[in-house]
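Scroll down for the structure; my scribbles are underneath it.
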Amino acid sequence: MQPQPPKTTNVPTPARHHSGKTLATLVFALALHHTTAALAQQATPQPQQDTPYQAAHKGGTLRLVASTSGGTLDPQINYSGKYINLFAVVYDGLTTFKKVQGPEGNSVVPDLAENLPTPQDGGLTYIFTLRQGIRFSSGQPVTTADVSASLRRIFKVGSPTAGSFYSAIVGADLCLKTPATCTLKGGVEENPAQRTITIHLVRPDTEFLQKLAFTHAVIVPANTPEHDVGNTPIPSTGPYRLTKYDPNTALSLDRNPFFKEWSAIAQPQGYPDTIEYSFGIPDEAAVTAVENGQYDFMADVIPMDRLGELGNRYTAQTHVRPHAAMYFLPMNVNIPPFNNLKARQAVNYAVSRKAMVIFYGGPGIARPLCGMVPSSLPAATNFCFYTKGASPIAPALQWQAPDLAKARQLVQESGTAGQKVTLITANTSVDMAMGGWVRDMLQNIGYQASIRPISNTLSMTYVQNTANKVQISLTTWSADYPSPSNFLDDLLGCENFHPNSDSSINIPGFCNKQVQNLMDKAKTDTTLTPTQTEDLWRQADRLVMAQSPIAPLIERDTVVLTSARLGNFFYTTVNQLFFSQVWVR
């Protein structure tokens, strides 16, 4: 199934950089530039003002499709965007992001809590009051005991964000060391009579309310098993409940009979009666099926060769929306050849970010990215070290072109020339096209390179686990909430490297004390102005890129294809297409 590695150790000449197939694909993609730019213009109307619930549009079945399922149904473990966006209409936390379109969707609002508390004790104490009358889909009432147990469960089940998001809670250090005995003693206190939950932190966290709004902190019943539930649904509080799941074929949701809307901006009542997710439909076939109305939405990235068709014939069904997301190449800094700084810098110099833009669909929906922070976020990257004519000492303002000569020189100086390198990538059309190009580039600068495609469902966890000895991979990342910490601290924070674990989101295994100190100060110092905080993130970004544990490729917008019958297209900045608010009758 996977391509065979090259048979020669000779460094290819520039004229041999592209295989015939890759070059033909590039030529075709160049023709799409104007089409996709037009698509971005025509298919992106200004966000409409949200309207009150319209009962006349209630009912019907929303039909979703994907090439593969998204893994476990456990909301405190699953870290796939495919299911996190779905879980948004199923589960709730103490806080959530405002369910409105446009920039206001970045705002945190109370969800299961009555109000957003004002931090006390210099940012170390948060007191939440639980709303009355909310029940799980099983019928049992939501209590303070459920909240306490859910916060402990984050650590007991080994949630991927336990360390990065929730380690500031008192007692979390012990929970991270020995999850099975986690108590969060002194960190979480409940008062059932007053319906209050008090959370104590060991240090201020300026993003704590946003982190509580993330899926891994949803509230589930206290008697939920303290392990990954796999394919078994957990009772929920949102307008929908998970009912059936076969990861090979389909997933079904229907209405939660115990749901009563408590806040339209936190968790609005839904329009569809049923949401059905079908799996096993390849991305090319899924595009055609949505165009023809067999499905209403496809989760996979739309293949590049279909974008021109959408721009010409299906503009009304194609929506381009901003989303803080990136493609990047994480390089394992602990094993050869990328335990050598010059080898990592060589990849950063050699990669053609213009080619990656083309493979994703063109400049209308993607842009080159030189650092770790996409342009839609505060402290966005404003420098480019690795472009022709630039360096960490003399950066450019933006990416211009690859510097293959510099890259080859660095590979030779590193002493890694001729080594075997295997690139891991997901097996989607877009990832395979990008991966083929990167493999050719690695060969061009002096490595014996091969590519190993893995199922889209498994690729992310595979590249995280150090036991698999992944040298370099191609992957994508989206913001959990609108902050540069989602890209710098999440992907490169020391606390997020967990050897031999599928939940080690610090894929390169990078840990730098100077960088970590800057990030920690940006997250915890409540005396800083927003400008000062952004400056710290930018400093961290520059230090990271000087060490090159990652080669950022592009930042990308989201292209959403829907059926002609889907109405009230409702897109939030955090959860993207918000499934409960679309019309399908």
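Relative orientation of the Y91 and F87 rings is perpendicular, given thresholds of 30° and 60° on the angle between their planes.
Residues I302 and L307 come closest through the heavy atom pair CG2-CD2, 3.9 Å. Counting all heavy atoms, side chain and backbone alike, S236 lies closest to V90 at CB-O, 2.9 Å. Nearest heavy-atom pair across M372 and T381 is N-OG1, 3.3 Å. Across all their heavy atoms, Q76 and S150 have their closest contact at NE2-O, 3.1 Å. Counting all heavy atoms, side chain and backbone alike, V229 lies closest to L73 at CG2-C, 4.4 Å. Considering all non-hydrogen atoms of both residues, V411 and A346 come closest at CG2-CB, 3.6 Å.
Applying the side-chain hydrogen bond (donor to acceptor under 3.5 Å, both in side chains) rule to S473 yields no partners; only residues at least two apart in sequence or on another chain are considered. Among residues two or more places apart in sequence or in another chain, the ring pair (Phe, Tyr, Trp, His ring centres under 6.0 Å) test is passed with Y79 by F214, H216, W477. Residues meeting the ring pair (Phe, Tyr, Trp, His ring centres under 6.0 Å) test with Y349, sequence neighbours left out: Y386. Qualifying salt bridge (charged side-chain N to carboxylate O under 4.0 Å, His left out) partners for D205, counting only residues two or more places apart in sequence or in other chains: K211. In terms of the ring pair (Phe, Tyr, Trp, His ring centres under 6.0 Å) criterion, Y571 has no residue partners (sequence neighbours excluded). When the ring pair (Phe, Tyr, Trp, His ring centres under 6.0 Å) test is applied to F578, no partner is found at least two apart in sequence or on another chain. Residues passing the side-chain hydrogen bond (donor to acceptor under 3.5 Å, both in side chains) test with T249, sequence neighbours excluded: D246.
Between the side chains of T288 and R306, a donor-acceptor pair is found at a separation under 3.5 Å. Looking only at atom types and distance, the side chain of S67 has a donor-acceptor partner in the side chain of D300 under 3.5 Å away. Side chains of S252 and Y277: no donor on one and acceptor on the other come within 3.5 Å.
Annotation: salt bridge (charged side-chain N to carboxylate O under 4.0 Å, His left out) contacts involving residues 490-515, sequence neighbours excluded, comprise E495-K523. The stretch residues 359-388 participates, sequence neighbours left out, in these disulfide (SG to SG under 2.5 Å) pairs: C370-C384. Sorted by first and then second residue, the pairs that involve residues 477-515 and meet disulfide (SG to SG under 2.5 Å), not counting sequence neighbours, are C494-C511. Note on residues 457-471: no pairs pass salt bridge (charged side-chain N to carboxylate O under 4.0 Å, His left out), not counting sequence neighbours. A disulfide (SG to SG under 2.5 Å) check over residues 403-454, counting only residues at least two apart or in different chains, returns nothing.
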Practice task
For the pair R408 and D403, evaluate salt bridge (Lys or Arg N to Asp or Glu O under 4.0 Å) and give the outcome as yes or no after the intermediate values.
Solution key: CA-CA 9 Å; R408 293 190 197 100; D403 191 335; over 6 Å; no

Handout entry: From CA spacing to verdict: ring-ring contact (aromatic ring centres under 6.0 Å, His included), F297, Y295
Key = CA-CA 6 Å; F297 163 85; Y295 297 100; over 10 Å; no

Exercise for the section: Please assess M441 against V351 for the test side-chain contact (heavy atoms from CB on, under 4.5 Å), listing each intermediate value before the final yes or no. Expected result: CA-CA 7 Å; M441 175 271 290; V351 71; 4.2 Å; yes

Exercise for the section: Output, in order, the C-alpha distance, side-chain angles, deciding distance and verdict of side-chain contact (heavy atoms from CB on, under 4.5 Å) for Y83 and T72. Expected result: CA-CA 9 Å; Y83 280 4; T72 176; over 6 Å; no

Problem - Candidate pair V559 and T318, rule side-chain contact (heavy atoms from CB on, under 4.5 Å), full reasoning - result: CA-CA 7 Å; V559 183; T318 308; 3.8 Å; yes

Exercise for the section: Apply side-chain contact (heavy atoms from CB on, under 4.5 Å) to I335 and Q471, showing your working. Expected result: CA-CA 7 Å; I335 61 175; Q471 298 164 297; 4.1 Å; yes

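Two residues are said to be in side-chain contact when any heavy atoms from C-beta on lie closer than 4.5 Å; Y327 and V430 meet this criterion. W537 places none of its side-chain heavy atoms less than 4.5 Å from the side chain of V373. M545 is not listed as a side-chain neighbour of P392, based on a closest heavy-atom distance of 4.5 Å or more. Side-chain contact between D541 and L488: present, with at least one pair of heavy atoms (C-beta onward) separated by less than 4.5 Å. Taking 4.5 Å as the limit, some side-chain heavy atom of N444 sits within range of a side-chain heavy atom of L404. Put simply, the side chain of P549 reaches to within 4.5 Å of the side chain of V544, judged on heavy atoms. Between I507 and V463, some side-chain heavy-atom pair lies under the 4.5 Å cut-off. Using a 4.5 Å heavy-atom threshold, the side chains of T558 and H319 count as separate.
Under the 3.5 Å distance criterion, the side-chain polar atoms of S503 are left unmatched by any main-chain donor or acceptor of P160. The backbone N or O of S375 sits nowhere less than 3.5 Å from a side-chain atom of R367 that would complete a donor-acceptor pair.
Atom CG of D557 and atom OG of S376 lie 8.5 Å apart (nearest 0.5 Å). Rounded to the nearest 0.5 angstrom, D74 CG and T215 OG1 are separated by 11.5 Å.
Other residues, nucleotides and ligands place no more than 12 heavy atoms under 6.0 Å from the CD atom of Q514. Within 6.0 Å of CD in E284 there are more than 12 heavy atoms belonging to other residues, nucleotides or ligands.
Taking the six-membered ring wherever Trp is involved, the centroid distance between the rings of F165 and Y481 falls below 6.0 Å.
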